[in-house]
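Every number for a ligand or one of its atoms is a count from 1 in the order of the listing. Quantities reported herein were computed from a predicted structural model and do not represent experimental measurements.
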Amino acid sequence: MAHIIDGKAISARIREEVKQAVADRSAAGHRAPYLAVVLVGDDPASASYVRGKAKASAEVGIESDTLTYDVSISEEELLDVVHRLNSDDSVDGILVQLPLPDHIDDRKVIDAISPAKDVDCFHPASVGNLVIGLDGFKPATPAGIVELLQRSGVQTSGAHCVIIGRSNIVGKPLANLMLNKGVDATVTVCHSRTKDLPAIARQADILVAAIGRANFVTADMVKPGAVVIDVGINRVEDATRERGYRLVGDVDFEAVAPIASLITPVPGGVGPMTIAVLLQNTLLAASTS
Ligand code: GUN
C-alpha cells in the first residue's frame, strides 16, 4: 500500500518558511510584501479561491487587497487597473483571478501584467524564463508538484516522468520544470491524441494525472512502485453527501494506491500547494523589486 503524500503538511511547512523570511525582512527594515488580487464578477468559486489567497497571505505577513469589479467592467477599464498596479511601487505582486468574463480577453490582460509582478507566472516572459531554466517566478501547480516530490524524498534525476495532460497551466509548464537542471527527469507528455496511453503511463516512475476526468487513471496504467501525483479536482454525484457531490481526482485512488509507492490524495494533495507557491512568488517579487 502506498504512502500518502500529505500536501497539507508540506504546504504548511512552506508557508512557515515564507513567514520566517517575511519576518527576517521586516527585522532588516523592509516593508511587508504586498499582493494585489483582482477579482471580476461574482463567481462563487473564484471568490472562494481569492479569499483563501488573502487569508494565507495574511497568515505569513504578506499584505494584500482584493480589488473587486462588477462583471460589466470593460476590457479597457480592466487593462487600466493593471497598468495602474504595474506603476505603483508599493505593489509587489499582481494576480488577476481567472476566468474573466467572456467579453474580456484573458490573454490581453495577462500580457499587460508587468513580468516583474507576475506572481501567477502566466506572462509569456515568465513562461520563457521557465523554459530556459532561469530563476524567477514559478507556476503554482507545477512548482507545487516538484516541491511535493522533492520534500517526499522522491528521486527525480533520471526518473521517467509521464504527464497526462498538456494544459498551459499544468502539463506544459510541469514538463519544463521536470526537465530543468537540478530536477533532471526524462519527460513524456501524453494527451487526448496519444496512441496507447496506458502503455506509456505504465512506463512512468512518476505519473502525473492532469486531465480533468474523474478516475481516468486505473490500476492497469500504473507500474508497481510508481509515484502517482493527482492534479484532478472533479465533482461526482454523491447522494450521501449533504451538498450532493464529492470531490475526486483524475486517479482511481482505491485501485491505484495499493500499487503505487507514494500517492497524493484528493483533496489534500496538490491543491494546498498552489497557494504556498503563490506566497513564495510574492516574497520573491518583494525581494527583487
Ligand atoms: N483560477 C484558478 N486558478 C487560478 C490561479 O492559479 N491563478 C489565477 N489568476 N486564476 C486562477
Checklist entry - Is Asp196 paired with Arg202 through a side-chain N to carboxylate O contact shorter than 4.0 Å? => result no
Checklist entry - Between Asp252 and Thr218, is any side-chain donor less than 3.5 angstrom from a side-chain acceptor? => result no
Next on the checklist: Under a 4.0 Å threshold between the charged nitrogen and the carboxylate oxygen, would Glu75 count as salt-bridged to Lys108?
Outcome noted: yes
Checklist entry - Are Leu100 and Ile94 connected, step by step, through hydrophobic side chains (Ile, Leu, Val, Met, Phe, Trp, Tyr) whose heavy atoms are closer than 4.5 Å? => result yes
Find all protein N or O atoms under 3.5 angstrom from an N or O atom of ligand 1 and list the pairs with distances, or write 'none'.
from	atom 1	to	atom 2	distance (Å)
ligand 1	1 (N)	Gln97	NE2	3.1
ligand 1	1 (N)	Leu98	O	2.8
ligand 1	7 (N)	Asp120	OD1	3.1
ligand 1	7 (N)	Asp120	OD2	3.3
ligand 1	9 (N)	Val96	O	2.7
ligand 1	9 (N)	Asp120	OD2	2.6
ligand 1	10 (N)	Leu98	N	2.9

Item to check | Flag if over 12 foreign heavy atoms under 6.0 Å of CZ, Arg31 | outcome: yes
Item to check | Thr188 side chain to His160 side chain, donor-acceptor N/O pair below 3.5 angstrom | outcome: yes
